[in-house]
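Single-structure report; data block below.
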Amino acid sequence: MNVNAQDLSKHQWKDRLILIITEEKTEKFQQQITELQKHQQGLKERKLVVYKILPEKYSTGFQEENWKSSTELYGKYKVKNSDFRVMLIGLDGGEKLEQTEVLSIEKLFNTIDSMPMRQAEMRKNR
């Protein structure tokens, strides 16, 4: 059931990832989901896939029914001494941004839009 559950490399060169890692569905977790949900078109334009990661399961996107059982992603990305972490992973698979507070959409989009690959995408799409 968990074959490649933790393998985020399938997204490399196709998608940017937002990982929201939390011990439980805290207020910060809900605030982060709400902040992202309000800007789905901007997420789509920037090729962002949202991963919600809890200790025993994870899901992608905003639906509540798509959870898959796995402890691997949580084990890999959890940060000690914090019950909440949000990360941005670029097209190249590298960590671009990481924090333990809710990430504003402005900071997220500004970070992505300043990346060379995103600037090339924007030029191409003009």
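No hydrogens, no waters, no symmetry mates; every other heavy atom, side chains included, goes into these values. Residue numbers run from 1 in the order of the sequence given.
- Taking hydrophobic clusters as Ile, Leu, Val, Met, Phe, Trp and Tyr residues chained together by side-chain heavy-atom distances below 4.5 Å, Leu97 shares a cluster with Phe109.
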Inset, instruction - Mind running salt bridge (charged side-chain N to carboxylate O under 4.0 Å, His left out) on Lys107 and Glu101 for me, showing each step along the way? - result: CA-CA 12 Å; Lys107 184 174 181 180; Glu101 294 299 322; over 6 Å; no

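- Residue Gln32 comes nearest to Ile20 through the heavy atom pair CG-CD1, 3.8 Å, listed as atom of the first residue, atom of the second, then distance.
- A salt bridge does not link Lys28 with Glu35: every distance from a Lys NZ or Arg NE/NH1/NH2 to an Asp or Glu carboxylate oxygen is 4.0 Å or more.
- Of the inter-residue distances, the one linking Ile112 atom CD1 with Leu88 atom CG reads 5.0 Å to the nearest 0.5 angstrom.
- From Met122, atom CE reaches atom CD of Glu45 across 10.0 Å, with rounding to the nearest 0.5 Å.
- At distances below 3.5 Å, at least one donor-acceptor pair connects side-chain atoms of Asp92 with backbone N or O atoms of Gly94.
- In this structure, Arg85 forms no cation-pi arrangement with Tyr77, as its terminal cationic atom is not both closer than 6.0 Å to the ring centre and no more than 45° off the ring axis.
- Ile105 and Val86 end up in the same hydrophobic cluster when Ile, Leu, Val, Met, Phe, Trp and Tyr side chains are linked at under 4.5 Å.
- Between Thr71 and Glu56, the shortest heavy-atom contact is CG2-OE1, 3.6 Å.
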Inset, instruction - Could you go through the side-chain contact (heavy atoms from CB on, under 4.5 Å) check for Glu23 and Tyr74 one step at a time? - result: CA-CA 9 Å; Glu23 287 180 15; Tyr74 185 80; 2.9 Å; yes

Inset, instruction - Please assess Met117 against Trp13 for the test side-chain contact (heavy atoms from CB on, under 4.5 Å), listing each intermediate value before the final yes or no. - result: CA-CA 10 Å; Met117 289 183 76; Trp13 306 117; 3.6 Å; yes

Inset, instruction - Determine, step by step, whether Leu54 and Thr22 satisfy the side-chain contact (heavy atoms from CB on, under 4.5 Å) criterion, reporting the C-alpha distance in whole Å, the side-chain angles of both residues, the deciding distance to 0.1 Å, and the verdict. - result: CA-CA 5 Å; Leu54 295 168; Thr22 186; 3.2 Å; yes

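- In this structure, Leu43 is not a member of the same hydrophobic cluster as Val49, with clusters built from ILVMFWY side-chain heavy atoms closer than 4.5 Å.
- Taking the charged nitrogens against the carboxylate oxygens, Arg118 and Glu121 do have a contact shorter than 4.0 Å, which makes a salt bridge.
- One finds the OG1 atom of Thr34 at 10.5 Å from the NE2 atom of His39 (value rounded to the nearest 0.5 Å).
- Tracing side-chain contacts under 4.5 Å through hydrophobic residues (I, L, V, M, F, W, Y), one reaches Leu103 starting from Phe62; they form part of the same cluster.
- When side chains are defined from C-beta on, Asn81 does not count as touching Thr100, because their heavy atoms never get closer than 4.5 Å.
- Ring planes of Tyr51 and Tyr58: parallel class, angle under 30° (limits at 30 and 60°).
- The structure places NZ of Lys78 at 8.5 Å from CG of Asp83, a figure rounded to the nearest 0.5 Å.
- With values rounded to the nearest 0.5 angstrom, Leu108 atom CG is found 13.5 Å from Lys96 atom NZ.
- Follow the hydrophobic side-chain contacts under 4.5 Å out from Leu19 and you never reach Leu48; the two are in separate clusters.
- Using a 4.0 Å cut-off between charged nitrogen and carboxylate oxygen, Arg46 and Asp113 count as a salt-bridge pair.
- Heavy atoms only, all atoms of each residue included: Arg16 and Leu91 are closest at NH2-CD1, 3.6 Å.
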